[in-house]
Amino acid sequence: MLDALKRLLGAGQSPAADSDQQVLAVWAKEEGHKVKTVSGQAGGMVVDTSAGWRVEWGPAQRPYFTGKELRFRFDAGIPGDVQILFLTRVLAHTLESDVFQRFTDAMQTQMDNSLPEEMRWLAMHSKVALSEHPVLARRFLMLSNAEGVAKLWLDPELTAGLEEAATSWWTDALIAVMTVNRGILTIRMSGDKLEVNQLRLVAAVFDLAARKLVDAV
């Protein structure tokens, strides 16, 4: 399942990343953000915003991405043991299938700590009920070890922003994961074939989620 997902993400991918870097730079300049190039063999870019969060573009850090990965990150200063996962049901099913396959192949009986935390959380954490938010409940899952914090975070304004995303650009074909861990809010998505308008949309939701997370704790 995970290999199929990586093939889908890699289909038609340009051999050069110059265009993605240019798109990221254009968006950053448009928003008045500061851009820094990461030196080294792997390369990458960092965008610092006046709102206090940053965007990182570089080699994929997760097995469900191929090529480049884009990360929106914000240190919310909340307790480090709060863990929250928000993703589409389609992606959750894919990741769950991959975890199950790994366990079956290796005949494991314990959770593999080499897996990314969001894949482990699918088996470890309880689902947060989204019944009050039917638009989100139809397409998304939220899991957490701190349900009270997760529900406070998902206030009417953030819910409305996520519902707008769910009915427009955050489709099942967009592989994106939003997490809270070690006090840091992160959205991970593919860093290939970026578009300025997509960056605007994701940034708007992330900025709202960052502000609401601070308020929730």
Side-chain angles (χ1 to χ4, degrees), residues 5 9 47 49 51-57 60-65 69-96 115-130 133 135-191 194 198-217:
L5 179 61
L9 284 169
V47 178
T49 74
W53 47 268
R54 69 183 338 197
V55 182
E56 302 169 348
W57 178 89
Q61 296 181 347
R62 291 297 188 264
Y64 44 89
F65 293 120
E69 179 181 319
L70 190 69
R71 296 177 295 277
F72 291 73
R73 292 170 57 84
F74 173 64
D75 189 342
I78 67 172
D81 58 348
V82 173
Q83 298 175 339
I84 304 174
L85 171 63
F86 185 85
L87 74 173
T88 65
R89 290 179 175 273
V90 170
L91 180 56
H93 176 72
T94 300
L95 298 183
E96 285 173 335
L115 292 173
E117 59 251 2
E118 57 269 23
M119 295 177 74
R120 301 198 304 270
W121 293 352
L122 288 168
M124 293 169 54
H125 291 336
S126 301
K127 293 179 181 178
V128 177
L130 297 176
H133 317 294
V135 174
L136 298 182
R138 281 194 294 271
R139 292 197 45 245
F140 289 89
L141 284 178
M142 176 180 271
L143 300 96
S144 180
N145 67 344
E147 184 175 355
V149 175
K151 287 188 172 182
L152 285 174
W153 181 37
L154 202 62
D155 75 351
E157 188 177 359
L158 180 56
T159 297
L162 291 172
E163 287 179 345
E164 172 63 25
T167 55
S168 54
W169 57 268
W170 198 336
T171 65
D172 289 337
L174 175 64
I175 310 305
V177 177
M178 183 159 61
T179 61
V180 176
N181 191 30
R182 302 182 185 92
I184 297 175
L185 170 68
T186 306
I187 288 183
R188 297 178 183 271
M189 56 184 286
S190 173
L194 297 178
Q198 180 188 58
L199 291 171
R200 293 191 194 109
L201 293 168
V202 179
V205 165
F206 185 80
D207 184 73
L208 176 60
R211 289 186 282 110
K212 293 301 178 179
L213 182 59
V214 173
D215 294 341
V217 180

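Residue numbers count from 1 along this sequence. All values reported here derive from a predicted model rather than from experimental measurement.
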For Lys127, salt bridge (Lys or Arg N to Asp or Glu O under 4.0 Å) partners two or more places apart: none
Sequence-distant partners of His125, ring-ring contact (aromatic ring centres under 6.0 Å, His included), two or more places apart: Trp121
Closest heavy-atom pair and its distance - Trp53, Ala203: CH2-CB, 3.9 Å
Sub-4.5 Å side-chain heavy-atom contact between Glu118 and Leu143: no
ring-ring contact (aromatic ring centres under 6.0 Å, His included) partners for Phe86, two or more places apart: Phe140, Trp170
4.5 Å side-chain heavy-atom contact, Met189 and Phe72: yes
Donor-acceptor contact below 3.5 Å, side chain Arg71 vs main chain Trp57: no
Heavy-atom side-chain proximity of Leu70 to Leu194 below 4.5 angstrom: yes
Side chain to side chain donor-acceptor pair (under 3.5 Å) pairs, two or more places apart, involving residues 149-164: Glu147-Lys151, Asp155-Lys212, Glu157-Lys212
SB check Arg211 Asp215 (cutoff 4.0 Å): no
4.5 Å side-chain heavy-atom contact, Ile78 and Val214: no
Which residues share a side chain to side chain donor-acceptor pair (under 3.5 Å) with Asp172, sequence neighbours left out: Arg139
Side-chain heavy atoms of His133 within contact of Leu154, under 4.5 Å: yes
Close side-chain approach of Pro116 and Pro63, heavy atoms under 4.5 Å: yes
Please tabulate, one pair per line, all N/O donor-acceptor pairs under 3.5 Å involving side-chain atoms of residues 175-188, not counting sequence neighbours.
unit_1 : atom_1 : unit_2 : atom_2 : d
Asn181 : OD1    : Gln83  : NE2    : 3.4
Arg188 : NH1    : Gln61  : OE1    : 3.3
Arg188 : NH1    : Glu69  : OE2    : 2.5

Residue pair Tyr64 / Leu95, side-chain heavy-atom distance below 4.5 Å: yes
